[in-house]
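Following: one structure in structure tokens, then a few remarks.
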2 protein chains.
Amino acid sequence: MSKTSKTSYAVLGMLSIAPMSGYDIRQTMKESTSNFWSESDGQLYPALASLHKQGLISCKMEKNENEREKKIYSITAKGMALLTQWLTRAAETQSVRSEILLKLFFGANVSPDVSREHIQMHCYQTKSMLAQLAASKKQLQHEHKDSPHLPYWLMSIDYGMQIAEAKLAWCDGVIEKLNKMKSERK
Amino acid sequence: MSKTSKTSYAVLGMLSIAPMSGYDIRQTMKESTSNFWSESDGQLYPALASLHKQGLISCKMEKNENEREKKIYSITAKGMALLTQWLTRAAETQSVRSEILLKLFFGANVSPDVSREHIQMHCYQTKSMLAQLAASKKQLQHEHKDSPHLPYWLMSIDYGMQIAEAKLAWCDGVIEKLNKMKSERK
DNA sequence: TCGCACATGTAACGCGTTACATGATTAC
DNA sequence: GTAATCATGTAACGCGTTACATGTGCGA
């Protein structure tokens with residue numbers, strides 16, 4: 001088990017929700033955690049193979065009508081123990097890199113218009129993300145009414161939404177300031 | 001020039017503020033952009049060498065009294081052109097990975113206490129970051145009163161502060177919900 | 001004299017992305 | 001028929017972190 005990579009834990013976590021195929025895990029991540037976590041194919045499938053080899057997950061072949069055969073993985077007791085152990089450990093602080101903030105930081109080298117365009121774009125993207133999150137939230141509340149996972153899923157969505165709101169407020173302020181700077185430079 | 005890495009641009013940007021040594025760049029980044037951007041030694045020094053070889057920055061040896069000799073780099077016209085070109089291009093969207101949110105997402109597998117502890121810790125860390133940002137802001141306003149960079153620097157600090165405030169509000173809500181879940185489980 | 005801040009680098013390693021490879025089934 | 005979705009993987013590459021390596025000057 002790698003000391004630094006969290007891919008295996010993300011996979012174990014997904015399988016703690018329900019037995020799934022690799023493809024299912026990808027889809028589930030896209031629909032639920034993509035806002036704060038995602039894995040690429042190149043990480044996912046080798047992780048599944050490695051977890052299986054270690055006995056942390058088990059694998060059954062399944063073939064329903066009109067479906068191609070797929071591998072359904074389930075978390076084992078051993079895997080569950082490792083997952084809860086990881087869940088209990090404190091999260092490591094990760095370094096963030098935001099290209100848009102870096103560009104804004106060096107904004108004095110270009111016209112305020114340039115920065116304003118970037119922020120404007122960021123604003124649009126954030127709004128679209130907010131809409132997606134709101135939709136996800138509604139869907140989750142409907143489709144997983146009685147799941148013990150629901151409250152936790154909602155909290156993680158709320159994080160995204162509240163951060164997005166804060167970003168939008170910041171964007172507004174920045175655009176206003178940049179407009180002022182532009183008119184003062186005239 | 002690498003297509004994907006932004007390290008070179010970060011370095012060029014720093015040198016657009018003032019001529020500096022590699023060490024100075026590290027210090028400046030720590031004090032100003034660490035909240036949203038940082039570079040390690042293993043990135044910084046090779047980047048400086050490469051930029052120099054490409055004629056994007058120039059290098060002078062300097063030795064003041066009671067100081068060991070150091071290399072002071074300055075951005076060239078060619079480097080400045082490349083920087084502004086990059087600044088004008090739209091920022092690529094980067095994928096974020098938040099271990100704490102991933103743990104919260106899988107929180108149903110452990111006691112609500114575990115999640116609450118994590119969030120509590122996150123709250124403390126965010127508060128300390130907020131205090132640091134407030135201090136930086138004050139210092140910047142004082143030390144760079146007339147710099148054309150100041151408004152941009154303040155905007156990037158405000159981003160950190162506003163996001164931090166939103167995080168704190170979210171933490172409060174989550175802790176409350178987790179406490180409720182705990183009492184309901186009794 | 002011991003440790004810390006200054007100062008500059010190199011090398012190894014692992015992680016994560018991207019592109020490639022394959023192939024079945026379904027909808028248009 | 002052909003594009004999209006389902007489904008599983010591999011391989012190369014580059015980036016970024018960490019640890020290592022070296023040495024100066026200053027303060028306690």
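Nearest-nucleotide assignment on DNA chain C puts the 5′-proximal partner with B:Gln27, out of B:Gln27 and B:Arg97. Toward the 5' end of DNA chain C, the nearer of the two residues B:Asp24 and B:Pro46, judged by each one's closest nucleotide, is B:Asp24.
Residue A:Met61 contributes atom CE, which lies 15 Å from atom C1' of D:dC6 at whole-angstrom precision. The interatomic distance linking A:Tyr45 (OH) with D:dT10 (P) rounds to 11 Å, in whole Å. In this structure, A:Gln94 places its CD atom 12 Å from P of C:dG16, rounding to the nearest Å. Regarding A:Arg26, its CZ atom lies at a distance of 14 Å from the C1' atom of C:dG16, rounded to whole Å. If you take NZ of B:Lys3 and P of D:dC13, they are 17 Å apart, rounded to a whole angstrom. The distance from atom CD1 of B:Ile72 to atom C1' of C:dT8 is 13 Å, rounded to the nearest whole Å. Rounded to an integer number of Å, the gap from NZ of B:Lys71 to P of D:dG23 is 16 Å. For A:Leu44 and D:dC6, the CG to P distance is 15 Å, given to the nearest whole Å.
In this structure, the nucleotide among D:dG16, C:dC15, C:dT17 sitting nearest to the side chain of A:Ser5 is C:dC15. Of the listed nucleotides (C:dT17, C:dG9, C:dC6), C:dT17 has the atom at the smallest distance from the side chain of A:Gln43.
Between A:Ser21 and D:dC6, a side-chain N or O to OP1/OP2 separation shorter than 4.0 Å is absent. Distances shown here put every side-chain N or O of A:Tyr23 at or beyond 4.0 Å from the OP1 or OP2 atom of D:dT8. Listed pair B:Thr4 / D:dC15 meets the phosphate criterion, a side-chain N or O lying under 4.0 Å from OP1 or OP2. Look at A:Thr7 and you'll find a side-chain N or O under 4.0 angstrom from OP1 or OP2 of C:dG16. Phosphate proximity of D:dT18 to B:Ser40: absent, as no side-chain N or O sits under 4.0 Å from OP1 or OP2.
Inter-residue side-chain proximity for B:Ser2 and B:Tyr9 is flagged as unmet; no heavy-atom pair is nearer than 4.5 Å.
At a threshold of 4.5 Å between side-chain heavy atoms, the hydrophobic network of Ile, Leu, Val, Met, Phe, Trp and Tyr places B:Ile57 and B:Met1 in one connected group. A:Trp153 and A:Met161 end up in the same hydrophobic cluster when Ile, Leu, Val, Met, Phe, Trp and Tyr side chains are linked at under 4.5 Å.
B:Gly22 comes within 4.0 angstrom of the backbone, heavy atoms only, and of no base.
For A:Gln132 and A:Ser136, the side-chain atoms include no donor-acceptor pair closer than 3.5 Å. For the residue pair B:Ser16/A:Asn109, the side-chain donor-acceptor check at 3.5 Å is satisfied.
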